[in-house]
> 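Dropping the structure in here first, questions after.
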Amino acid sequence: MAKLVSSWSNGVNSVPKDYVLPPERRAGDFVTVCNEIPLIDLEDDRSDIVRQIIKACQEFGVFQVINHGVSDKMMEGMMALYDEFFNLPVEDKLGIYSEKPLKGCTLYTSGLEYAKEDVHYWKDTLKHPCYPIQEHSPSWPNKPARYRKEVGRYVVEVRKMGFKILDLIREGLGLKEGCFNEVSHEHAMAINHYPPCPDPSVAMGIAGHNDPNLITFLQQDHYGLQIYKDGKWMGVDPIPNAFVVNLGYQFHAISNGKLKCVEHRGLLNSSVSRTSIVTFFGPNPELPIVVEPAKELVTSSNPQMFKAYRYNEFIANYLARAYIRRPGPFSGSALDPYRL
Ligand code: OGA
Ligand code: NI
């Protein structure tokens with residue numbers, strides 16, 4: 001518990017040396033928010049939305065949505081809840097603390113395996129599986145007292161929005177209804193908490209990565225999220241109560257390379273703590289689920305880009321690669337072993 005950034009960083013006026021990144025892995029020049037990342041209004045005309053989403057997924061692999069059906073009140077309530085959660089006294093969080101993320105509900109710090117890291121990340125994360133709610137909610141935190149009830153409601157609403165967005169993408173790709181059922185079955189949340197950092201230019205919240213799953217929905221309160229496109233980092237505007245939707249590796253493979261998955265990272269700031277509430281849909285990593293490019297998207301002019309692979313094997317490779325440290329942005333792709 002003493003390792004959680006939130007437990008020791010308050011009032012600290014320099015960055016401890018095991019959080020100082022070597023110069024080539026630092027954020028570099030401060031990148032301002034960019035307004036090129038598509039913003040999609042889910043109350044627009046359906047065929048327009050489908051077109052806009054496919055274009056965004058082809059060019060960026062990320063977009064933001066508004067009028068998505070999850071109420072402002074619920075989203076603000078979630079931010080307030082997590083603010084309280086991360087400020088609870090240590091003894092209230094001890095039961096779920098772990099040095100690395102486990103299968104169930106876990107509160108951990110930094111990257112995926114603190115003990116193996118040469119440098120740590122300025123981040124604490126609470127993560128847990130979400131669906132079916134009745135099966136998983138008994139493992140969720142019971143403080144603040146309203147946690148299970150409020151998060152249960154959020155899970156239902158975000159799930160509705162998520163499946164609606166998946167169906168719009170499905171339609172835009174010309175695929176059959178229900179084709180993503182198996183690969184979107186697993187619904188999990190990670191809540192990242194980045195306390196203020198005395199020198200954001202030398203430390204990092206979360207290093208550049210692509211999400212391993214199918215699709216991710218992120219709610220954030222302050223600036224910090226950046227995406228890598230055309231050789232440079234671009235800041236994602238923290239639009240109040242919008243969701244940032246980004247595609248993970250599985251969408252790139254299933255769409256036969258038609259849709260991008262986007263590399264992204266999280267920077268810090270020195271004045272406020274930043275929280276992101278992240279929902280992941282993906283295949284169940286415990287089952288030997290086979291992922292492959294959709295047959296409809298493989299043609300003579302678009303030959304099959306990836307061979308079929310098992311998701312659980314992909315995840316094992318992905319996690320192993322997470323410890324390969326490279327200078328600068330992520331240079332390889334976790335899909336390389338499956339490329340044809
Ligand atoms: C993630 C992630 C970014 C953020 O949890 O996969 O990319 O802004 N988070 O917290
Ligand atoms: Ni991510």
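Remember, it's 1-based here, ligands and their atoms both numbered in the order they're listed.
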> Taking atom CZ of Arg310 as the centre, report whether more than 12 heavy atoms of other residues, nucleotides or ligands fall under 6.0 Å from it.
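Check fails, neighbour count at 12 or below.
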> Any idea which protein heavy atom is nearest atom 4 (C) of ligand 1, and the distance to it?
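Closest protein heavy atom to atom 4 (C) of ligand 1: Tyr194 OH, 3.2 Å.
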> Donor-acceptor pairs under 3.5 angstrom involving side-chain atoms of residues 189-205: please list them, not counting sequence neighbours.
residue, atom, partner, partner atom, Å
Asn192, OD1, Thr125, OG1, 2.8
Asn192, ND2, Ser276, OG, 3.2
His193, ND1, Thr275, OG1, 3.2
Asp199, OD1, Ser201, N, 3.1
Asp199, OD1, Ser201, OG, 2.6

> Assess Ser276 for proximity to ligand 1: is some non-hydrogen atom of it under 4.0 Å away?
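The answer is yes, since Ser276 has a heavy atom less than 4.0 Å from ligand 1.
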> Ignoring hydrogens and angles, tell me if any N or O in the side chain of Arg26 forms a donor-acceptor pair with the backbone of Leu21 under 3.5 Å.
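Looks like yes, one N/O pair under 3.5 Å.
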> Quick check: are there more than 12 heavy atoms from other residues, nucleotides or ligands sitting under 6.0 Å from CG of Asn35?
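It does not: Asn35 CG has 12 such atoms or fewer within range.
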> Starting from atom 8 (O) of ligand 1, what is the nearest protein heavy atom, named by residue and atom, and what distance separates them?
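That would be Arg274 NH2, 2.8 Å.
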> Please give me the protein atoms (N, O or S only) lying under 2.8 Å from the Ni ion (ligand 2), ordered by chain and number.
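Checking every protein N, O and S atom gives His209 NE2, Asp211 OD1, His264 NE2.
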> Nearest protein heavy-atom contact for atom 5 (O) of ligand 1: which residue, which atom, what distance?
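Atom 5 (O) of ligand 1 sits closest to the protein heavy atom Asn192 ND2, 3.1 Å.
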> Would you call Lys123 a ligand 1 contact, heavy-atom distance under 4.0 Å?
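It does not; every heavy atom stays at 4.0 Å or beyond.
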> Show the atom names and distances, to 0.1 Å, of all donor-acceptor pairs under 3.5 Å that link a side chain in residues 94-101 to residues at least two apart or in another chain.
residue, atom, partner, partner atom, Å
Ser98, OG, Lys100, N, 3.2
Ser98, OG, Lys100, O, 2.5
Glu99, OE2, Lys3, NZ, 2.5
Lys100, NZ, Glu113, OE2, 3.3

> Could you go through residues 159-175 and list every donor-acceptor pair under 3.5 Å that involves a side-chain atom there, pairing it with any protein atom two or more places apart or in another chain?
residue, atom, partner, partner atom, Å
Arg159, NH1, His187, ND1, 3.0
Lys160, NZ, Glu157, OE2, 3.2
Asp167, OD1, Arg170, NE, 2.7
Asp167, OD1, Arg170, NH2, 3.3
Asp167, OD2, Arg46, NH2, 3.1
Arg170, NH1, Leu175, O, 2.6
Glu171, OE1, Arg46, NE, 2.9
Glu171, OE1, Arg46, NH2, 2.7

> Hey, does Arg265 sit under 4.0 Å from ligand 1 if you only count heavy atoms?
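Heavy atoms of Arg265 never come under 4.0 Å of ligand 1.
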> Is a side-chain donor-acceptor pair under 3.5 Å present for Tyr223 with Gln226?
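Distance-only check passes for Gln226 and Tyr223.
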